[in-house]
**Q** 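Take this structure, written in structure tokens, and hold onto it; I'll ask about it next.
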Amino acid sequence: LGRSAGGVFPDALQALVKSIKSSDASIRKSSIYSMEQMIIGLETSASYGYKDLSKAFRSSMTDKSVNVKCKAAQGLRALTLFYNVACTSDLDSNIAMCLKVLEGTDCDSALIPLL
């Protein structure tokens, strides 16, 4: 099962990145959640897609929907568990971006990425 999941990962990743450009916020949120779960499930086996995932999560942080922003913050958090570059050089910029994006939200929305 692991090999088949790893083999499908590049195609699934490209399809999910394309679906983030959708006009519907619920589709964007679901796509980001799916990418987050793929990171958690495949761990370091998905390392060749981490750069694309990082770009997708960062671009989603500027979305209009608060739910999409929160899911993108969760995705970045999951990415830092396995992607060393996100944990060293990009960590400060990722944290600053998450704090800036969640600045105008209420307490419940700001705590969603921490759960």
Side-chain angles (χ1 to χ4, degrees):
L1 182 63
R3 273 186 252 151
S4 63
V8 176
F9 177 72
D11 299 328
L13 176 64
Q14 293 303 321
L16 290 170
V17 168
K18 286 180 185 176
S19 68
I20 288 179
K21 296 175 176 79
S22 170
S23 60
D24 189 20
S26 63
I27 292 174
R28 291 191 304 267
K29 185 176 97 170
S30 298
S31 298
I32 292 170
Y33 177 74
S34 298
M35 287 190 287
E36 176 192 358
Q37 294 305 311
M38 287 170 54
I39 293 169
I40 293 169
L42 292 174
E43 297 180 353
T44 56
S45 302
S47 61
Y48 53 86
Y50 286 166
K51 197 173 206 177
D52 295 332
L53 286 166
S54 179
K55 288 179 187 177
F57 291 144
R58 286 173 154 273
S59 68
S60 297
M61 294 295 283
T62 59
D63 198 86
K64 290 183 249 179
S65 172
V66 175
N67 291 330
V68 173
K69 291 177 186 178
C70 290
K71 283 294 177 188
Q74 285 179 338
L76 279 173
R77 191 192 82 195
L79 193 62
T80 56
L81 298 174
F82 305 109
Y83 187 38
N84 291 337
V85 175
C87 200
T88 55
S89 62
D90 292 342
L91 185 62
D92 289 337
S93 64
N94 285 342
I95 291 173
M97 181 175 41
C98 289
L99 291 174
K100 183 179 176 184
V101 164
L102 297 174
E103 192 173 88
T105 62
D106 60 344
C107 185
D108 294 333
S109 298
L111 290 177
I112 289 172
L114 301 176
L115 299 176

**Q** Kindly write out the residues that satisfy side chain to side chain donor-acceptor pair (under 3.5 Å) with T62, not counting sequence neighbours, or none if the list is empty.
**A**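 Result, side chain to side chain donor-acceptor pair (under 3.5 Å) vs T62: none returned.
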**Q** Under the side chain to side chain contact (heavy atoms under 4.5 Å, CB included) test, which residues partner S59, sequence neighbours left out?
**A**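 By the side chain to side chain contact (heavy atoms under 4.5 Å, CB included) rule, S59 matches no residue at all.
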**Q** Taking only residues at least two apart or on different chains, which pairs with a member in residues 17-27 satisfy salt bridge (Lys or Arg N to Asp or Glu O under 4.0 Å)?
**A**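 Checked against salt bridge (Lys or Arg N to Asp or Glu O under 4.0 Å) - neighbours excluded - no pair reaches residues 17-27.
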**Q** Considering non-hydrogen atoms only, spot the tightest contact between F57 and E36 and give its length.
**A**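 Distance-wise, the nearest heavy atoms are CZ-N, 4.3 Å.
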**Q** Among all residues two or more places apart in sequence or in another chain, which pass the side chain to side chain donor-acceptor pair (under 3.5 Å) test with S65?
**A**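 S65: no side chain to side chain donor-acceptor pair (under 3.5 Å) contacts found.
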**Q** Please list, chain by chain and in numerical order, all residues satisfying side chain to side chain donor-acceptor pair (under 3.5 Å) with S60, sequence neighbours excluded.
**A**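 For S60 there are no side chain to side chain donor-acceptor pair (under 3.5 Å) partners, ignoring immediate neighbours.
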**Q** Are L76 and L81 connected, step by step, through hydrophobic side chains (Ile, Leu, Val, Met, Phe, Trp, Tyr) whose heavy atoms are closer than 4.5 Å?
**A**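 In one cluster with L76: L81, yes.
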**Q** Distance check, rounded to the nearest 0.5 Å: Q74 atom CD versus M35 atom CE?
**A**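 Result: 12.5 Å between the selected atoms.
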**Q** Please answer whether the main-chain N or O of I27 pairs with a side-chain N or O of S31 as donor and acceptor at a distance below 3.5 Å.
**A**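 Yes.
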**Q** Could you list all the salt bridge (Lys or Arg N to Asp or Glu O under 4.0 Å) pairs where at least one residue sits in residues 51-63, not counting sequence neighbours?
**A**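 Passing the test, one end in residues 51-63: R28-D63.
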**Q** Drop me the distance from S30's OG to K71's NZ, to the nearest 0.5 angstrom.
**A**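 Those atoms lie 8.5 Å apart.
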**Q** So which heavy atom on L53 is nearest to which on L13, and how close?
**A**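 Shortest heavy-atom contact: CD2-CD1, 3.2 Å.
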**Q** Identify the heavy atoms of I39 and G75 that sit nearest to each other, and give their distance.
**A**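 Residues I39 and G75, closest heavy atoms: CD1-O, 4.4 Å.
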**Q** Can you name the side chain to side chain donor-acceptor pair (under 3.5 Å) partners of D11, sequence neighbours left out?
**A**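 D11 satisfies side chain to side chain donor-acceptor pair (under 3.5 Å) with no residue once adjacent residues are dropped.
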**Q** Is any side-chain heavy atom of K29 closer than 4.5 Å to one of I32?
**A**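 When only atoms from C-beta onward are counted, K29 and I32 do not touch, as no gap falls below 4.5 Å.
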**Q** Any idea which heavy atoms bring A12 and M38 closest together, and the distance?
**A**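 Closest pair (atom of A12, atom of M38, distance): CB-CE, 4.0 Å.
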